[in-house]
Number of protein chains: 2
Amino acid sequence: MSRDSATKAEAADRLESALGDGEGINFELIELLFFAYRDFISDPDAILETKGFGRAHHRVVHFVNREPGLTVAALLDTLMITKQSLARVLKQLIDSGYIHQVAGPEDRRQRRLYPTRKGRELALALARPQSRRIARALTGLGPGEQAAVTEFLNGMINRDGGGVPGGSGVPLEERPGDNT
Amino acid sequence: MSRDSATKAEAADRLESALGDGEGINFELIELLFFAYRDFISDPDAILETKGFGRAHHRVVHFVNREPGLTVAALLDTLMITKQSLARVLKQLIDSGYIHQVAGPEDRRQRRLYPTRKGRELALALARPQSRRIARALTGLGPGEQAAVTEFLNGMINRDGGGVPGGSGVPLEERPGDNT
DNA sequence: CAGATATGTCAGTTATGTTGACATAAATTG
DNA sequence: CAATTTATGTCAACATAACTGACATATCTG
């Protein structure tokens, strides 16, 4: 296979189109985000593996911890998954004592979700290495630059209403019953 | 569910107190990364769906486009998946004319991967909305602040060699091949 | 009471990953 | 040259986490 059939011009063309220079596409940040997120998620993954859990469990434990008393519907809204998807994971977390349910105080159809002590500890254990990684990545940046990172990430998020808990404007409610 | 906005600061405060994090864990950035990445990936997802492809195809097309002449081994290294996982996706992309293989010019065991014209167009179509989203998120930031974002993302990545094509110190060897 | 809502559950499917075993061709090394 | 290693492919079985669709139940609301 004579491999030198391509001219230098062709090669240059190909490289250029591969780099997307003609369109000014920011491949650098696209890839940086890919690698950063993959490594960011790898820390908790290692912990979850030892407990037979996966990322789905992580997300549920995380958000229930962040917003105790969350309804199932609100959690589905945040995660943007179907209830069937949530059901399996949630059941496992409840059965193994990380989360417990309480019927809604006003609307008794609701199952408000609370972390148990065990659940809080797990959420914290998962968040710790992620926070450490973030702190490490922020060292060397000035306060204004750190704020810029936050601003950037906020700017990456769809503003059209779905998913972000703090973005809904729905105040968090009082925290009923204590837990395990 | 009213979806208007309370400020994020308010929500963050509420959530923080709800958790009692005396550990100073940066929940804000943890969640920001989660939502930012989810929305970031949702743009290409919509395009891929119309072609019956998924994220796995996206990653393969992207990296082959970025580094034409990539070997299968290098791609596996970058993606950090098994060859069996790659095989299925790669076969589909080759069969449908997005990528083609050329035996390595020096080492003929290798199958060097090149995007076809169709493949390049797909990679570009997928990168475009992501780049637009990034550009939008960067507007309003000064040059130094934009550099800080890059620095931050770089700092989030594991430095221990695996995965990042440019990060290993191994120079990319360009091996232009025939395509289309 | 009639309907809407919140949640649960059963059943089947898809996308993407995994491990393990084995095959083949080509390069490298003794 | 023979033996081994390397790069790749492939078959088979399996796991996870998502999906759709359908239906059940309890509860709230008009």
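Throughout, protein chains are lettered first and strands after them, A, B, ... in sequence-line order, and every chain is numbered starting at 1. Excluded from the calculations below are hydrogen atoms, water molecules and symmetry mates; all remaining heavy atoms, backbone and side chain alike, are included.
One atom, CD of B:E106, and another, P of C:dA27, lie 10 Å apart when rounded to the nearest Å. Put simply, CG on B:L48 is 18 Å from P on D:dA18, counting in whole angstrom units. The separation between B:Q110 atom CD and D:dG9 atom P is 11 Å, rounded to whole Å. When rounded to the nearest whole Å, the span between NE2 of A:H58 and C1' of D:dT16 equals 17 Å. Between the CG atom of B:L79 and the P atom of C:dA15 there is a distance of 19 Å, rounded to whole Å. If you measure from atom CG of B:L86 to atom C1' of D:dC11, you get 16 Å, rounded to the nearest angstrom. For the pair B:I41 CD1 and C:dT16 C1', the computed distance is 14 Å after rounding to whole Å. A:L90 has its CG atom 12 Å from the P atom of D:dA18, to the nearest Å.
Closest contact between the side chain of A:I81 and the listed nucleotides D:dC19, D:dT8, D:dA17 involves D:dC19. The nucleotide whose nearest atom lies closest to any side-chain atom of B:K83 is, among D:dT10, C:dG17, D:dA18, D:dT10. Listed nucleotides D:dA18, C:dT7, D:dT27 differ in distance to A:V72; the shortest reach to its side chain belongs to C:dT7. Listed candidates were D:dA26, C:dT16, D:dT6. Nearest to the side chain of B:R109 is D:dT6. Checking D:dT10, C:dT7, C:dT16 against the side-chain heavy atoms of B:A87 singles out D:dT10 as nearest.
A donor-acceptor contact under 3.5 angstrom links the side chains of A:R133 and B:N158, judged on distance only.
Under 4.0 angstrom from either OP1 or OP2 of C:dT16 there lies no side-chain N or O belonging to B:S85. Using a 4.0 Å cut-off, some side-chain N or O of B:R108 falls inside it from OP1 or OP2 of C:dA26. The phosphate of C:dG17 has neither OP1 nor OP2 within less than 4.0 Å of any side-chain N or O from B:T82. OP1 or OP2 of C:dT16 sits under 4.0 Å from a side-chain N or O of B:H57. Remark: A:R59 is in phosphate contact with D:dA18, judged by side-chain N or O atoms under 4.0 Å from OP1 or OP2.
Taking the six-membered ring for Trp and the full ring otherwise, the centers of A:Y98 and A:F53 sit less than 6.0 Å from each other.
Mapping A:D107 and A:G54 onto DNA chain D by nearest heavy atom places A:G54 closer to the 5' end of the strand.
Among the protein residues, A:Q101 comes within range of the sugar-phosphate backbone only, with heavy atoms under 4.0 Å from sugar or phosphate atoms but none that close to a base. Among the atoms of the strands shown, none is found under 4.0 Å from any heavy atom of A:E49.
Between B:I94 and B:L90, some side-chain heavy-atom pair lies under the 4.5 Å cut-off.
B:Q84 contributes a side-chain N or O that forms a donor-acceptor pair with the base of C:dG20 under 3.5 Å. The base of D:dT8 does not come close enough to the side chain of B:R111 for any donor and acceptor atom to sit less than 3.5 Å apart. Donor-acceptor pairing under 3.5 Å, judged by distance alone, is present between the side chain of B:R88 and the base of C:dG17.
By the ring pair (Phe, Tyr, Trp, His ring centres under 6.0 Å) test, A:F34 is found to be paired with B:F63, residues two or more places apart in sequence or in another chain being considered.
For the pair B:S96 (side chain) and B:Q92 (backbone), a donor-acceptor distance under 3.5 Å is present.
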Apply side chain to side chain contact (heavy atoms under 4.5 Å, CB included) to the pair A:L138 and B:L29, showing each step before the final yes or no. CA-CA 11 Å; A:L138 287 176; B:L29 277 189; 3.8 Å; yes
